[in-house]
Amino acid sequence: MGAINWGFVSGKTNTIYAWDTPMPDGKEPKLWFHDIFRKDGTAYIPEETNLIKKLTER
């Protein structure tokens, strides 16, 4: 079984925003739509990256 994540790092494609939920002021949404890392390399939700590591045995 595999998985594909649409985004990876917040920024270039702006996939932290849901397609149907525009953010006119451009601030970060409370819940990201995609992407798992901030631009500085820290995890948006550390539990999420910990789960990915656990599932991939890395």
Taking every heavy atom of Y17 against every heavy atom of P29, the minimum-distance pair comes out as CE2-CD, 3.6 Å
**OP:** Go through D35 and T15 one step at a time and tell me if the side chain to side chain donor-acceptor pair (under 3.5 Å) criterion holds.
**Re:** CA-CA 6 Å; D35 293 335; T15 53; 2.8 Å; yes
Considering only distance and modelled atom types, tabulate donor-acceptor pairs under 3.5 Å from the side chains of residues 36-46, sequence neighbours left out.
from: R38; atom 1: NH1; to: E28; atom 2: OE1; distance (Å): 2.8
from: R38; atom 1: NH1; to: E28; atom 2: OE2; distance (Å): 3.4
from: D40; atom 1: OD1; to: T42; atom 2: N; distance (Å): 3.0
from: D40; atom 1: OD1; to: T42; atom 2: OG1; distance (Å): 2.7
from: Y44; atom 1: OH; to: K30; atom 2: O; distance (Å): 2.8
from: Y44; atom 1: OH; to: W32; atom 2: N; distance (Å): 3.1

